[in-house]
Amino acid sequence: MIEFMPYEAWALLLKTCQWAAATAPVSATKGRAKRMSPRPSYKKRDALFPLRDVEISAFAREFAGRFTTPYWTRSMSKRRALMFLGDMQRNSGDRLTLPSDKQQEASGLDGEDPSMTSPWLRPSTLHYNIVLDVICRDQSTSAEELARIHMDMRLHGVQEDTVTFNTLLNGCRLLGSWKHFVDIESHMLQRDRWGVTHMDATTWGTLIQGYLECEDWDAVDRCIDYVTKASELWHGQQGDSGDQTPRAFVPTTYLWSIIVNSYAVRGMVTQMLGARKTMNHLGIDANAHVFGTIFAALRQMRKSLAARGCDTWTATASTLEEYDAMRASGVKANATMLTNIILIAGLNQYSADSSDSSKRDPRMSQKLAQISQDTAAELEDLMIKARDPDVYAALLNVSGKTGNTSEVNALWKTLVTETQLADSSAPHVLTSRTLAAYMNALISCRAYDDALSAFYEYALPQQKQPFTKNGSPSTRTIPTRPFLRTVELPVYEAAIHASARADRHQVCPRLVRAMVASGIQPSVLTLRYSLLPPDSGETRKPRASRFTRAWSLPLTIARELWDVVIAVRRDVWMREPTDNRPVIVNDIAAQLIRVAARARDVEFGKDVFDALRREANHYGIDHGLENSARRMALPDHMQCAPNVRTYTSMITMYANNIDLEGMSRMWASMSADGVAPNVHTYTSLIVGLHKIAIRKRWRMLRECAENIEAGGDTFTAASSQIPWEPVSQDRMVEAIEDWITKQPNAETSETLPQTFSPEILDGAASPNIDIPLSTLLLRYYATRIRDTERRTHLVSVSSAVPESDADNEFGLRRAMRICEEVDNSGLVPDGRFHAALADLFEACGDWSGANIVRRHTNNGAASSDR
């Protein structure tokens with residue numbers, strides 16, 4: 001019976017598998033399968049299955065309806081498509097695929113070859129293209145399997161076309177097989193030069209998207225240059241003769257939207273806007289995807305400019321220009337586009353965009369206000385006409401930026417009322433996205449308790465049965481309150497953010513544990529929100545906040561949070577990396593190590609540092625040259641290879657514990673990884689060396705005093721030959737100071753141990769001194785001078801004036817050189833610097849100089865308060 005199935009029947013069956021693969025989930029979970037997306041409309045299914053053959057179309061519709069069961073996955077679609085292809089090959093009677101002894105058995109009833117009487121049974125290019133597309137949609141497929149199907153296609157004498165190579169190219173992109181991706185591109189370029197198959201807009205769009213995903217920027221620029229030239233060639237021929245050469249192809253909106261997105265991802269705003277103008281020049285209509293990408297990139301540009309304190313008018317002016325272009329093109333803006341426009345143009349006054357706004361046209365301010373009103377009205381109109389959660393999320397986002405709590409609550413009440421009055425068959429607007437947007441809006445308004453109340457009310461409802469006074473259950477019905485059926489990651493992250501800012505950090509580990517119990521893995525934002533300091537709710541004076549010690553998370557909460565996270569990451573490390581999203585990154589590890597340093601828990605700090613290295617090894621990211629491209633592909637805030645901040649935190653932890661061996665080990669590891677220390681690293685190193693030197697000097701003084709008492713000598717001039725030499729740590733501090741102040745000294749360089757030598761900075765510039773480091777050095781030399789004076793008092797206790805000493809003069813000269821370096825660098829000393837300078841004068845016996853410095857400091861503080 002299979003031998004008599006027509007050509008259209010096999011094509012419809014394979015298209016059914018193709019449709020099922022597009023709608024089926026990626027894989028089934030243990031114990032139960034994920035449910036598929038809703039069944040498509042009849043219009044879409046009629047387009048997939050035309051009514052040329054009524055019986056076959058009905059069978060295909062019935063076959064497609066079975067795929068809506070919750071047990072169908074993309075792997076099953078792949079197996080079914082391969083089964084159909086195998087049936088066609090076995091029953092085609094093709095002499096190329098059957099042995100000689102089997103060809104007679106495959107002949108027809110009249111002795112003729114079935115391939116001659118039934119040519120529709122032989123698989124064609126269309127069949128193979130559909131099968132390749134189905135296979136590409138399954139993530140369990142390998143590139144070698146695609147290559148085998150392609151080789152089988154050639155062995156059966158089926159010629160490839162452009163769609164075949166486009167499908168193979170897209171399959172290698174989805175599977176991440178970049179070696180095969182490059183090989184297919186070179187093969188397609190060769191066939192295009194020969195004129196066998198031509199590369200169209202889909203081909204170049206797939207190439208740009210693939211190279212964009214593998215971070216090969218040179219290849220992206222090369223493809224964009226070729227597409228631009230080919231599009232210009234097509235445009236020129238269209239205007240002249242209307243003919244088209246083989247090298248030119250018809251550009252599409254989809255292709256140029258990928259080009260615009262490639263520039264937006266890399267932050268190349270000027271090139272992105274130029275690509276949109278090129279589309280207009282070529283006569284290609286820009287759609288909502290193009291303008292949505294442009295407005296999102298402009299919003300990010302304005303945000304980065306504002307964070308650096310630069311003029312943001314460039315982003316605002318470009319937004320106005322693109323807004324006019326969008327209106328002229330007749331593109332209807334969606335909720336995301338309108339939100340980005342409002343955040344760029346509507347939430348800030350015109351004068352805030354530039355310090356020189358008076359020189360610009362004042363009518364632009366009115367235009368910005370008009371655009372803000374129009375976009376807000378369109379968002380409200382979308383909310384009224386369509387039950388779209390994205391519209392509510394966009395409006396909540398805009399309301400949160402304005403800081404108006406009453407407006408946020410009013411909008412949320414509208415959403416809750418609409419959910420309560422809606423029909424059960426209508427789509428829900430109370431989703432994880434809308435609840436997360438509502439909580440984030442309240443967090444922006446500093447209403448942290450309200451955000452937590454919304455989480456416990458709608459994400460974790462507690463339905464209680466009402467009781468009467470005598471204890472019997474009441475017959476009164478409870479009004480149903482809407483709540484989330486499934487709580488997703490953004491809702492948990494918003495709750496953790498609100499808990500941390502409300503100084504309820506003990507709740508954060510519980511929420512993370514609830515996430516893990518529900519099958520949600522914590523992300524980078526989860527840990528960053530958990531480590532946020534509490535919000536005091538008041539704006540402190542700059543001078544007062546500058547000298548306030550940084551807040552630190554309690555060690556018990558940090559350990560509880562770390563135990564939950566590390567248990568999840570150990571399970572992830574046992575498997576192959578399926579994504580490029582590390583969780584334990586440098587800034588999180590540095591904060592946790594500083595918590596351990598403050599609590600002097602070395603074991604906890606070592607565990608965090610080892611986990612950071614394990615995370616980098618899991619994703620193949622380290623400081624080696626062979627993995628430099630993979631490391632550079634990640635943004636700075638997602639780097640998991642230990643950097644200078646992490647190493648500085650580890651050195652600080654060992655310095656607080658006065659562990660010279662640990663400091664030496666971290667310094668050697670920095671040298672091996674090629675991480676250059678900065679001024680903060682040297683500050684932490686000097687702190688540790690200072691503490692060790694103080695201990696050694698006190699030990700030497702105590703031994704000297706005990707020896708004098710044991711010998712029967714008193715504190716007289718006869719015992720003046722007490723051995724006193726600066727310890728090795730003092731020489732290290734002197735060498736580091738010479739390196740930072742750019743005044744090398746041959747004596748200190750020779751005495752500096754190799755462990756802490758700054759030779760890893762060969763050819764690199766030394767860091768500049770700052771106020772904290774200069775303050776630390778002043779305190780160091782003041783303590784060193786005091787230790788010298790204590791040694792002197794062992795000789796003569798009755799001496800009212802400290803005796804002059806060579807080491808004393810050496811420390812004083814060094815301290816004065818530090819003050820000159822601060823003055824020459826243009827640094828502004830703060831109160832701590834002046835206190836350290838006054839302490840130095842007291843150590844030298846200059847009480848009047850110390851009083852002058854303190855009086856100057858108090859007058860400066862009073863004037864700043866005024």
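What's counted below: heavy atoms across the whole structure, side chains too, no hydrogens, waters or symmetry copies. Computed from a predicted structure; not experimentally measured. Heads up: numbering here begins at 1 and tracks the sequence.
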For Tyr323 and Phe291, run ring-ring contact (aromatic ring centres under 6.0 Å, His included): C-alpha distance rounded to whole Å, both residues' side-chain angles, the deciding distance at 0.1 Å, then the answer.
-> CA-CA 9 Å; Tyr323 180 83; Phe291 285 106; 9.9 Å; no
For the residue pair [X] and [Y], what are the closest heavy atoms and their distance?
X      : Y      : result
Leu442 : Thr405 : CD2-CG2, 4.1 Å
Gly605 : Ala596 : N-CB, 3.6 Å
Arg501 : Pro533 : NH1-O, 2.8 Å
Ala459 : Val487 : O-CG2, 3.6 Å
Cys445 : Gly400 : SG-O, 4.2 Å
Ala494 : Ala436 : CB-O, 4.4 Å

Between Asp770 and His680, is a side-chain contact (heavy atoms from CB on, under 4.5 Å) present by the stated rule, with each step listed?
-> CA-CA 9 Å; Asp770 59 355; His680 305 290; 4.2 Å; yes
Inter-residue atom distance [X].[atom1] - [Y].[atom2], 0.5 Å rounding:
X      : Y      : atom1 : atom2 : result
Ile593 : Lys606 : CD1   : NZ    : 12.0 Å
Arg613 : Ile584 : CZ    : CD1   : 14.0 Å
Leu612 : Met650 : CG    : CE    : 10.0 Å
Glu488 : Ser518 : CD    : OG    : 10.5 Å
Lys332 : Leu338 : NZ    : CG    : 10.0 Å
Leu511 : Arg504 : CG    : CZ    : 11.5 Å

State, with a plain yes or no, whether a side-chain heavy atom of [X] is found less than 4.5 Å away from one of [Y].
X      : Y      : value
Leu489 : Thr526 : yes
Ile566 : Val608 : no
Arg594 : Ser552 : no
Thr419 : Leu415 : yes
Tyr263 : Leu273 : no
His505 : Ser499 : no
Ile341 : Arg299 : no
Arg302 : Thr319 : no

Give a yes or no on whether Arg327 atom CZ has more than 12 heavy-atom contacts from other residues, nucleotides or ligands under 6.0 Å away.
-> yes
Would you call the rings of Trp562 and Phe604 parallel, tilted or perpendicular, where under 30° means parallel and over 60° means perpendicular?
-> perpendicular
Do the ring planes of Trp412 and Tyr458 sit parallel (below 30°), tilted (30 to 60°) or perpendicular (above 60°)?
->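 Rings of Trp412 and Tyr458: perpendicular, over 60°.
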Carboxylate-amine/guanidinium proximity below 4.0 Å for Asp607 and Arg614 =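 A salt bridge is absent here (no side-chain N lies under 4.0 Å from a carboxylate O).
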May I ask you to decide whether Asp587 forms a salt bridge with Arg528, counting only side-chain N to carboxylate O separations under 4.0 Å?
->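 Here Asp587 pairs with Arg528 in a salt bridge, since their nearest N and O are under 4.0 Å apart.
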Trp573/Tyr619 aromatic ring centres below 6.0 Å = no
Dump the intermediate steps for side-chain contact (heavy atoms from CB on, under 4.5 Å) on Ile557 and Arg559, then the final yes or no.
-> CA-CA 5 Å; Ile557 299 177; Arg559 274 191 168 277; over 6 Å; no
Apply side-chain contact (heavy atoms from CB on, under 4.5 Å) to the pair Val644 and Thr648, showing each step before the final yes or no.
-> CA-CA 6 Å; Val644 62; Thr648 302; 3.9 Å; yes
Any luck finding a side-chain donor-acceptor pair between Asn409 and Ser406 under 3.5 Å?
->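 No, Ser406 and Asn409 have no side-chain donor paired with an acceptor closer than 3.5 Å.
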When you check the side-chain N and O atoms of Tyr448 and Asp503, is any donor under 3.5 Å from an acceptor?
->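 No, Asp503 and Tyr448 have no side-chain donor paired with an acceptor closer than 3.5 Å.
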Does [Y] offer a backbone N or O that forms a donor-acceptor pair with the side chain of [X] under 3.5 Å?
X      : Y      : value
Asn656 : Arg600 : no
Ser432 : Thr486 : yes
Asn586 : Ala641 : yes
Ser318 : Ala315 : no

Can you name the salt bridge (charged side-chain N to carboxylate O under 4.0 Å, His left out) partners of Glu560, sequence neighbours left out?
->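 Glu560 satisfies salt bridge (charged side-chain N to carboxylate O under 4.0 Å, His left out) with Arg513 only.
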Hey, mind stepping through Asn340 and Leu298 against side-chain contact (heavy atoms from CB on, under 4.5 Å) and telling me if it holds?
-> CA-CA 8 Å; Asn340 289 328; Leu298 290 175; over 6 Å; no
